Amino acid sequence: MPELAEVEFFRKRWSVAEGERIAAVFTHPRAKIFRGTDPAALARELPGARLLDSAAAAKQMLFHFNGDRWLGVHLGMSGELRVETSAYVPAKHDHLVLRTAQRALVFADPRMFGRVDFHLGAGPPAWWTKIAPPLLSRAFTAAAVAAFLRRRRRAPIKAVLLMQERFPGIGNWMADEILWRAAIHPQRLAGSLTAAEVRTLWRECRQVARLALRTIAGVGGKLPPDLNVHIPRTWLFWHRWEDGGLCPITKKPLVREEVGGRTTCWSPARQKLHPRR
DNA sequence: CTATGTGTTCGTGT
DNA sequence: CACACGAACACATA
């Protein structure tokens, strides 16, 4: 489920506990969520620690506690972070619960593709510092995108947009939204895009990231009540799963098909496989 | 009962 | 060697 903006939304939820001290830790007895990490180490090290700050990058989050303690979270496909009352009793799909005096921070994930990483050290862990530069940073340049598309020239552009090593945080719906706005057919091979198309693609990557963060993760300190309530009806987002869905721009039918191993939605009237040049 | 999904990783083939 | 692709992971929901 969660891509860039949703990840930021969930990070902000837990960030209400910044400054609070962890009193107790619950870990699900047979959670696969803790791949590399030992749940026992977590339960031993976190109690007594104060949540200092947090950050989101790509589809990951990092929560920083005092005493050089770091908690990484990846939500996988079905993960979410919630905030419950301090008396909260963990339910079936809750894998990690951090209790403070004021509340309970819950990580739930039915499909268990998510991940929790605990790290002890003076600085953030390597997996965090290695994450590619954000779409909205100066380092995410049109030239870097062009070079990457050249390297991946034989893969469909849809599949390339999902590669986190260059497009951190872009997931299935964002990729479709970007291609739709850029009027590029998802099955075009990355190497077939013109220089102008590459530049448009780069611009729309940034624009969709900016708009998604604003509408989903809120502005300033405010968080929307639900994930998607503020997404405009003019986005492809709301129409991609409708049967008989229409392109908000051309009003012509949308198409849904597998591209690059993922269900992909596009507007054939707008996104041509063989554009006239 | 079967098919599907807002994700990542691994093995295999080119 | 680099890259492309399909399968696997695990479970709720339609």
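Lettering follows sequence order; numbering is per chain, from 1. Note that the coordinates shown come from a computational prediction; the quantities given were computed from them, not determined experimentally.
Nucleic acid contact class of A/N228 (heavy atoms, under 4.0 Å, all strands): base. Residue A/R262 is in base contact, counting any heavy-atom pair closer than 4.0 Å across all strands shown.
The CZ atom of A/R256 sits 8 Å away from the P atom of B/dG5 (whole-angstrom rounding). To the nearest angstrom, P of B/dT9 lies 7 Å from NE2 of A/H74. Rounded to whole Å, atom P of C/dA7 lies 10 Å from atom CD of A/E258. Atom CD in A/Q60 sits roughly 8 Å away from atom P in B/dT8 (whole-Å rounding). To the nearest angstrom, C1' of C/dA4 lies 12 Å from CZ of A/F148. Atom NE2 of A/H95 and atom C1' of C/dC9 are 13 Å apart (whole Å). To the nearest angstrom, C1' of B/dT9 lies 17 Å from CE of A/M112. Rounded to an integer number of Å, the gap from CG of A/L4 to C1' of B/dG7 is 15 Å.
Comparing C/dA10 with B/dG11, their P atoms sit 16 Å apart, to the nearest whole Å.
More than 12 non-hydrogen atoms from other residues, nucleotides or ligands lie less than 6.0 angstrom from CZ of A/R256. In the displayed structure, A/R233 atom CZ is contacted under 6.0 Å by more than 12 heavy atoms of other residues, nucleotides or ligands.
Of the two residues near DNA chain B, A/R111 and A/L162, the one whose nearest nucleotide lies more 5' is A/R111.
Put simply, A/F113 does not rest on the base of B/dT8: the two rings are not both less than 5.5 Å apart at their centres and under 30° in tilt.
A close approach under 4.0 Å does occur between a side-chain nitrogen or oxygen of A/K92 and OP1 or OP2 of C/dA12. Considering only side-chain N and O atoms, A/H93 lies nowhere under 4.0 angstrom from the phosphate OP1 or OP2 of C/dC11.
The two residues A/A190 and A/V160 come nearest to each other via the heavy atoms CB-CG2, 3.9 Å.
Between A/W173 and A/F237, the ring planes lie perpendicular to each other; the angle is over 60°, past the 30° to 60° tilted range.
In this structure, of B/dG7, C/dA4, B/dG5, it is B/dG5 that holds the atom nearest to the side chain of A/T263.
The partner of C/dA2, taking Watson-Crick or G-U wobble pairs whose two distances both stay under 3.5 Å, is B/dT14.
Salt-bridge check for A/E197 with A/K272: failed, with every basic side-chain N at 4.0 Å or more from each acidic carboxylate O.
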